[in-house]
Amino acid sequence: MEKRNLTVVREFVLLGLPCSAEQQHPLSVLFLCMYLVTLLGNMLIILAIAFDSSLHSPMYFFLSNLAFVDICFTSTIVPQMVVNILTDLKTISFAGCLTQLFFFISFVNMDSLLLCVMAYDRYVAICHPLHYTAVMNPRLCVQLVAGLWVLTYLHAFLHTFLITHLSFCGSNVIHHFFCDLNPILQLSCSDVSFNVLVIFTVGGLVALTPLICILISYGLIFSAILKITSTEGKQRAFSTCGCHLSVVVLFYGTAIAVYFRPSSSHTPESDTLSAVMYSVVTPMLNPFIYSLRNKAMKRALQKVLCKGTVFQQQL
C-alpha cells in the first residue's frame, strides 16, 4: 500500500542562489554580464589564435580548446540560472536535469584534463626544448584532444546512466542552482552506495590524476628552471608557464573548496559561493589572465580588434 502512495518525480525544482526578492534583478544582471564577458573573452582568444599564424603552436592549440570548453561550460549553467533567478518557474524536467548534469561533468573534466595536457606541454618545452617539435607534433596534439573528449563523455555517460536506474519518489527540491551530482543523489529513495563508490573510484581517478600530473610536471619544471644560471633565462622560463599556472591555481583552488572540504564545514551558502567561483568566475577570468600576461596574445588580440574596426568602417 505504501508503494502506491509514492509519487514518482518527473521534474526537479532548482532553489537557485540564496537571495531576497530585492536582490534577484541585480543578481540576474550581474550574472548575465559575466556570461557575456565570458563568451566575448573566450571567443576573442579563439579568433586571435586562429588568425595569427605565429600562435599556431601546441600551447595555443590547447588554449583555444580550453577557451571553447569554457564557453560550453558556462553555457550549460548560467542561462538556466539567470532564468531561475528572474522567474518563479524554477522547475527543470528530469531529462533536462540529466542532460545538464551530463554536459557539466563532461566540460568540467575536459577543463581539468586540458590543464594537465598544457602542463605536460610546458614540461616538454622547458625541460626538453630540443625535442619539443618532435614530441608535441600536430598529430599527437589532435589525438590527445580527441582522446580527452572521448574519455570525458564516457565518464559523464557512466554517472548519468547510473542515475537513470535510481528511483526518485520523495522531495524533488535540489538545493543548488544547477543539477550537480551529489544534490541529485541526496534526493533518491534508492540505495546510492554503488553511485557513491563510482564517484570516489572512477570520479576520483579522473579528477585527481590530472592534478597529480600537473604537480609532477611543475615540480620537474621548477627543478629545471633552478638549474638555469642566467636571471634572464629564468625569467623567460617562468613567463612561459606563469599564465597556465595561474589558471591551474584558480580552477583547482575553487573546485577543491567545493568537493574536498570536511563535511562539517559545508553549508548551502558556502557551497553555492564556491560553485559560482569555479563554474562562472573562473571561465570569465581565464581570457584576462592569458591576454594580460602574455605578450604574444596581446599582439594577436590587437590584430583581431583592428581587423574588426576596419571591417565595421567598410560597412
What verdict does the side chain to side chain contact (heavy atoms under 4.5 Å, CB included) test give for N172 and F168, after you've listed the backbone C-alpha separation in whole Å, the side-chain angles of each residue and the deciding distance to 0.1 Å? CA-CA 8 Å; N172 67 336; F168 295 88; over 6 Å; no
From the list V281, L285, V29, V276, side chain to side chain contact (heavy atoms under 4.5 Å, CB included) with M34 holds only for V281
Of L98, I105, I184, the one forming a side chain to side chain contact (heavy atoms under 4.5 Å, CB included) with H159 is I105
**Message:** Below 30° counts as parallel, above 60° as perpendicular, anything between as tilted: where do the rings of F178 and F104 land?
**Reply:** tilted
Notebook entry, point to check: Under 30°, 30 to 60°, or over 60°: which ring-plane class applies to Y120 and Y123, parallel, tilted or perpendicular?
Noted result: tilted
Search all heavy atoms of [X] against all heavy atoms of [Y] and return the closest pair with its distance.
{"X": "A48", "Y": "L55", "answer": "O-CD1, 3.9 Å"}
{"X": "P210", "Y": "V206", "answer": "CD-O, 2.9 Å"}
{"X": "D70", "Y": "T38", "answer": "O-CG2, 4.4 Å"}
{"X": "V108", "Y": "F251", "answer": "O-CZ, 3.7 Å"}
{"X": "C127", "Y": "P129", "answer": "C-CD, 3.4 Å"}
{"X": "L185", "Y": "I163", "answer": "CD2-CG1, 4.3 Å"}

Can you tell if the side chain of [X] reaches within under 4.5 Å of the side chain of [Y], non-hydrogen atoms only?
{"X": "Q80", "Y": "L14", "result": "yes"}
{"X": "S93", "Y": "F12", "result": "no"}
{"X": "M81", "Y": "V280", "result": "yes"}
{"X": "I174", "Y": "L15", "result": "no"}
{"X": "L44", "Y": "P287", "result": "no"}
{"X": "F62", "Y": "D121", "result": "yes"}
{"X": "H56", "Y": "F61", "result": "no"}

- Task: Report the C-alpha distance between T74 and M284 in whole Å, list the side-chain angles of each, state the deciding distance to 0.1 Å, and finish with yes or no for side chain to side chain contact (heavy atoms under 4.5 Å, CB included).
- Result: CA-CA 9 Å; T74 52; M284 181 187 68; over 6 Å; no
Note: with side-chain heavy atoms under 4.5 Å as the link, the other cluster members for L154 come out as V150
* Asked: Does the side chain to side chain contact (heavy atoms under 4.5 Å, CB included) test come out yes or no for N84 and F177, once each step is laid out?
  -> CA-CA 8 Å; N84 288 349; F177 59 90; over 6 Å; no
Are the side chain of [X] and the backbone of [Y] linked by a donor-acceptor contact shorter than 3.5 Å?
{"X": "T76", "Y": "Q100", "result": "no"}
{"X": "S28", "Y": "H25", "result": "yes"}
{"X": "S188", "Y": "S167", "result": "yes"}
{"X": "N137", "Y": "L140", "result": "yes"}

Across all chains, not counting sequence neighbours, the side chain to side chain contact (heavy atoms under 4.5 Å, CB included) partners of F161 are F157, T164, H165
Residues at least two apart in sequence or cross-chain that pass side chain to side chain contact (heavy atoms under 4.5 Å, CB included) with L148, listed by chain then number, are M110, L113, L114, V117
The complete set of salt bridge (charged side-chain N to carboxylate O under 4.0 Å, His left out) pairs with one or both residues in residues 44-69, sequence neighbours excluded, reads D52-K303
Rounded to the nearest 0.5 angstrom, the CD1-OG distance for I77 and S279 is 4.5 Å
Interatomic distance, SG@C72 vs CG@N42, rounded to 0.5 Å, equals 10.0 Å
request  = Run the ring-centre check on F102 versus Y153 and record whether the distance is less than 6.0 Å.
outcome  = yes
Given the rule that I, L, V, M, F, W and Y join up when any side-chain heavy atoms are under 4.5 Å apart, are [X] and [Y] in one cluster?
{"X": "V37", "Y": "L27", "answer": "yes"}
{"X": "V142", "Y": "L144", "answer": "yes"}
{"X": "L130", "Y": "M136", "answer": "no"}
{"X": "W149", "Y": "I71", "answer": "yes"}
{"X": "L39", "Y": "L30", "answer": "yes"}

query: How far apart are the C-alpha atoms of E11 and I92, what are their side-chain angles, what is the distance that settles it, and do they pass the side chain to side chain contact (heavy atoms under 4.5 Å, CB included) test?
result: CA-CA 6 Å; E11 63 181 15; I92 183 171; over 6 Å; no
If you look only at distance, which donor and acceptor atoms sit under 3.5 Å apart when one is on a side chain in residues 212-223 and the other is two or more places apart or in another chain?
unit_1 : atom_1 : unit_2 : atom_2 : d
S217   : OG     : C213   : O      : 2.8
Y218   : OH     : C241   : O      : 3.4
Y218   : OH     : H244   : ND1    : 2.5

Is it the case that the side chains of N182 and Q186 hold a donor-acceptor pair, with the cut-off being a distance below 3.5 Å and no angle test? no
Residues 191-206 vs side-chain hydrogen bond (donor to acceptor under 3.5 Å, both in side chains), sequence neighbours excluded, gives D191-S193
Near F68 CZ, under 6.0 Å, is it more than 12 heavy atoms from other residues, nucleotides or ligands? no
Between F103 and F73, is the ring-ring contact (aromatic ring centres under 6.0 Å, His included) condition met? List the steps. CA-CA 8 Å; F103 285 110; F73 186 21; over 10 Å; no
